[in-house]
Amino acid sequence: MPPLCCAIRECGVVPCFVGASMFMTFGGYGCSDGDYNDLAVLAFNPQGFKIQALFAAPHGAFHVTSLLLYSAIYYFLAAITYGAFIPSGLFTVSLIFGGCFGRIWAEVLLKMGLIDGSQPGLVGIYALLGAGKPSC
């Protein structure tokens with residue numbers, strides 16, 4: 001089965017959001033030139049970039065299925081790490097996990113037509129709200 005590839009969108013001369021050029025890191029990950037694998041972006045980049053991408057990427061940058069799959073795997077690995085009696089932080093884990101679910105929620109609301117998709121950064125706001133919730 002071929003990987004799920006997404007086209008890199010340009011907004012004039014620069015990429016659509018800060019850090020979008022880092023998507024090219026895995027542009028060749030089973031995709032043609034000018035495409036990226038959104039699951040590879042989540043799986044193989046550092047945690048700081050994942051958080052930045054979840055908050056700043058435009059609508060449609062990540063497929064809901066990729067976010068769900070990554071969240072399930074990340075949750076399982078975080079649960080193993082938490083119970084392994086080794087010192088590890090859960091703050092960034094909660095940010096990434098909540099950001100994924102906030103972004104999923106925004107994408108579902110957009111598909112249902114309950115929120116306006118023309119506003120830039122709207123899915124990022126939902127990701128930010130989702131990321132803040134597990135910390136409460």
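Any value given below was found using the heavy atoms of this structure, including those in side chains, with hydrogens, waters and symmetry copies removed. Throughout, residue positions are numbered sequentially from 1 according to the sequence presented.
- Atom CG of Leu128 and atom CD1 of Ile51 lie 11.0 Å apart (nearest 0.5 Å).
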Which pairs of donor and acceptor atoms, one on a side chain in residues 100-115, lie under 3.5 Å apart (sequence neighbours left out)?
| from | atom 1 | to | atom 2 | distance (Å) |
| --- | --- | --- | --- | --- |
| Arg103 | NH1 | Leu54 | O | 2.8 |
| Arg103 | NH1 | Ala57 | O | 3.3 |
| Arg103 | NH2 | Ala57 | O | 2.9 |
| Arg103 | NH2 | Pro58 | O | 2.8 |
| Glu107 | OE1 | His59 | ND1 | 2.8 |
| Glu107 | OE2 | His59 | ND1 | 3.4 |
| Glu107 | OE2 | Gly60 | N | 3.3 |

For residues 71-87, which side-chain N or O atoms pair as donor and acceptor with protein atoms under 3.5 Å away, sequence neighbours left out?
| from | atom 1 | to | atom 2 | distance (Å) |
| --- | --- | --- | --- | --- |
| Ser71 | OG | Leu67 | O | 2.7 |
| Tyr74 | OH | Gln47 | NE2 | 3.0 |
| Thr81 | OG1 | Leu77 | O | 2.9 |

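- Scanning both residues, Ala131 and Phe55, for their nearest heavy atoms gives CB-CZ, 3.6 Å.
- When all heavy atoms of Asp116 and Leu122 are compared, the pair lying nearest together is O-CD2, 3.1 Å.
- Of all heavy-atom pairs between Ile96 and Tyr70, the closest is CG2-CE2, 3.9 Å.
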